[in-house]
Amino acid sequence: MLKGKRVLLGVTGSIAAYKSAYLIRLLQQEGAEVKALITDAGKHFIGIDTLRALTGHEVYTDNFLTDGAWRDSHISLAEWADVYLLAPATANTIAGLACGMAGNLVTSTALAFSSHRIAVAPAMNTAMWCSPAVVDNVSLLRRRGVTIIDPGEGSLACGAQGTGRLAEPEDILAALTAILVTNKPLSGVRIMITAGPTREWLDDVRYISNPSTGKIGFSLTRAALAQGAEVRLVMGPVNELLDDIIAGAELISVESALDMQREVSAGIDTTDVLIMAAAVSDYRPVVRASGKIKKDKDVMTLNLVRNPDILKDIAGRAVNCVLIGFALESANHLENAQRKLADKRLDMIILNDPTSFGAETGSFTLLMKNRGPICIDQASKDNLALSIMEKIADILKERKRTDENN
Ligand code: CTP
């Protein structure tokens, strides 16, 4: 299954490091080539000679080798590998990954990989695995798109019973196979999704916003991940707990339209498809008053200034990106949506109406350039998201064909 795939294995200081030897064999039996890195702590638990003999490659141990044997750097190792597997990964290494530490070769190498090419198989005592710091760090890594291969339950090296033992090598192999072998329609496609409302503060205790719940954004994220895409989700303030829903996506939380514009702009050069599902506030207060505005007038006038149109502004810069918007209309639905499709230079716009705010289902119309409208009546947001992903795959295929013919 892994023929031609290259796995970089980072071994860290856990007793479970002895299982790395079997893991290397298993990966090789599936056709993968393996190179290994090890931390100083890891060396207490498995010999470098064992790893060198099994992998057939030099085993790298720190950033500062001076004996001339150094042929690869953390950057070239990241270029060489298809996936970076940290197994076993200690609480210390997981904290290092979460904070972006570059204190040793194993963590600095992780910085040279995109999160979607990193898999982490933790191993530690149950109390450590359940400690708030480790729970938060693991959750942060999941949100960034790192694959966490959950530890198993059973007897631990310390004599206790519980969760924390390194996942079985066969389970680690299965998780790596899922990362490396994908024939999904959107494999490797980088999709940025914006969702939820934005919040524009009037003073320190009040804001202008709207009732968007971000549900369409969650459905789009789930559908995109299921089809193999890499997802960056830029999310306005919502109430739902996101972790389980969008595990595997990179989550960026924002508040205002300007925050959202900054994050969309920062990510656009590495995005193939932008879906603006966010209900962006069109206006913000000219100034945010400090403290709390007092009710000392009978009539109060708010001075608002127009927010940038994030989607329209990015269209000029993102010429190779597939651009998708939503049109929320309460009158002249089709006409307004068609105008937005053209005006914002979009590949597709999804027309909906205010009743879809917070609802589980809705009626939607997909409008695309040079094609008739597609009506999706009373569909769940998950079904809408699947239809959108199908259309995205079609648009990308069509673009590829056009590029090949030119
Ligand atoms: N949008 C945006 N930036 C804004 C407003 C909207 O990027 N400041 C995006 C939305 O995310 C959506 C599309 O533009 O994908 C259309 O948003 P919509 O609210 O329907 O329309 P507007 O362009 O804001 O126009 P109007 O409010 O006049 O209908």
Side-chain angles (χ1 to χ4, degrees), residues 191-201 207-221 224 231-238 252-268 271 273-286 304-318 321-359 362-369 373 376 381 384-385 387-389 391-392 395:
I191 302 187
M192 176 151 57
I193 298 168
T194 69
T198 64
R199 205 175 259 186
E200 314 295 331
W201 289 91
Y207 52 77
I208 301 174
S209 192
N210 61 64
S212 166
T213 54
K215 277 190 179 142
I216 286 192
F218 298 143
S219 295
L220 287 166
T221 300
V231 180
R232 174 184 166 91
L233 176 62
V234 181
M235 191 81 200
V238 291
I252 294 160
S253 297
V254 295
E255 263 208 334
S256 66
L258 292 180
D259 293 341
M260 186 170 277
Q261 184 185 42
R262 193 187 55 242
E263 293 301 338
V264 168
S265 175
I268 198 70
T271 293
V273 180
L274 170 65
I275 312 177
M276 281 287 307
V280 184
S281 300
D282 287 328
Y283 292 89
R284 67 178 184 278
V286 173
L304 303 178
V305 61
R306 208 141 121 191
N307 270 325
D309 188 319
I310 304 173
L311 190 50
K312 190 172 176 179
D313 290 354
I314 213 80
R317 209 177 115 192
C321 195
V322 174
L323 295 176
I324 299 175
F326 277 71
L328 184 71
E329 305 298 341
S330 55
N332 301 328
H333 301 70
L334 263 179
E335 189 188 325
N336 285 340
Q338 289 284 13
R339 187 180 37 74
K340 283 180 193 171
L341 178 71
D343 190 36
K344 301 193 190 211
R345 290 187 273 170
L346 306 181
D347 295 277
M348 174 162 65
I349 199 157
I350 298 104
L351 167 63
N352 60 340
D353 67 50
T355 58
S356 69
F357 265 143
S363 292
F364 307 90
T365 308
L366 273 45
L367 301 171
M368 280 166 280
K369 282 194 287 194
I376 304 180
K381 290 181 176 175
L384 169 71
S387 303
I388 293 172
M389 293 306 145
K391 293 290 162 271
I392 290 173
I395 294 171

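In listed order, ligands and their atoms are each counted from 1.
- Listed by atom number, the atoms of ligand 1 under 4.0 Å from G325 heavy atoms are 15 (O).
- Annotation: the span from E255 atom CD to M235 atom CE amounts to 13.5 Å, rounded to 0.5 Å.
- Taking a 6.0 Å sphere around CZ of R199, one finds it holds more than 12 heavy atoms contributed by other residues, nucleotides or ligands.
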Worksheet item: How far apart are the C-alpha atoms of D343 and K340, what are their side-chain angles, what is the distance that settles it, and do they pass the salt bridge (charged side-chain N to carboxylate O under 4.0 Å, His left out) test?
Response: CA-CA 5 Å; D343 190 36; K340 283 180 193 171; over 6 Å; no
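- Looking at atom 24 (O) of ligand 1, its nearest protein heavy atom turns out to be D282 OD1, 3.0 Å.
- At a distance under 4.0 Å, no protein heavy atom can be found next to atom 19 (O) of ligand 1.
- For the atom pair CG of L341 and NZ of K369, the computed distance is 8.0 Å after rounding to the nearest 0.5 Å.
- At the shortest separation from atom 8 (N) of ligand 1 among protein heavy atoms lies P308 O, 2.9 Å.
- For ligand 1, the polar-atom distance check finds no N/O of A327 at less than 3.5 Å from any of the ligand's N/O atoms.
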Item to complete: Check the pair L323, L346 against side chain to side chain contact (heavy atoms under 4.5 Å, CB included), reporting the backbone distance first and the verdict last.
Response: CA-CA 5 Å; L323 295 176; L346 306 181; 3.9 Å; yes
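- Counting protein heavy atoms under 4.0 angstrom from atom 14 (O) of ligand 1 gives one or more.
- The residue among V280, I324, N307 with a heavy atom at the shortest distance from atom 4 (C) of ligand 1 is V280.
- For the ligand labelled ligand 1, residue A279 lies outside the 4.0 Å heavy-atom shell.
- No donor-acceptor contact under 3.5 angstrom links the side chains of T198 and R284, judged on distance only.
- For A257, the heavy-atom gap to ligand 1 stays at 4.0 angstrom or more.
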Worksheet entry | Criterion side chain to side chain contact (heavy atoms under 4.5 Å, CB included) on I314 and V264, from CA distance to verdict | CA-CA 8 Å; I314 213 80; V264 168; 4.2 Å; yes
Fill in: Worked verdict on T194 versus L311 for side chain to side chain contact (heavy atoms under 4.5 Å, CB included)
CA-CA 10 Å; T194 69; L311 190 50; over 6 Å; no
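- Counting only heavy atoms of the protein, atom 21 (O) of ligand 1 lies nearest to K340 NZ, 2.8 Å.
- Any N or O atom pair closer than 3.5 Å counts here, and A278 shares at least one such pair with ligand 1.
- Contact annotation for D309 and ligand 1: heavy atoms of both the backbone and the side chain come within less than 4.0 Å of the ligand.
- Residue K344 has at least one nitrogen or oxygen atom sitting less than 3.5 Å from a nitrogen or oxygen atom of ligand 1, judged on distance alone.
- Between M192 and the choices V231, I275, I252, V234, the side chain to side chain contact (heavy atoms under 4.5 Å, CB included) rule is met once, by V234.
- Backbone and side-chain nitrogen or oxygen atoms of I310 are examined, and one is located within less than 3.5 angstrom of a nitrogen or oxygen of ligand 1.
- Other residues, nucleotides and ligands contribute over 12 non-hydrogen atoms within 6.0 Å of the CZ atom of R317.
- Using a 4.0 Å heavy-atom cutoff, M260 is absent from the residues neighbouring ligand 1.
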Fill in: L334 and L367: CA distance, side-chain angles, deciding distance, side chain to side chain contact (heavy atoms under 4.5 Å, CB included) verdict
CA-CA 9 Å; L334 263 179; L367 301 171; 3.8 Å; yes
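- Closest to atom 17 (O) of ligand 1 among all protein heavy atoms lies F326 O, 3.5 Å.
- The protein non-hydrogen atom at the shortest distance from atom 7 (O) of ligand 1 is L311 N, 2.9 Å.
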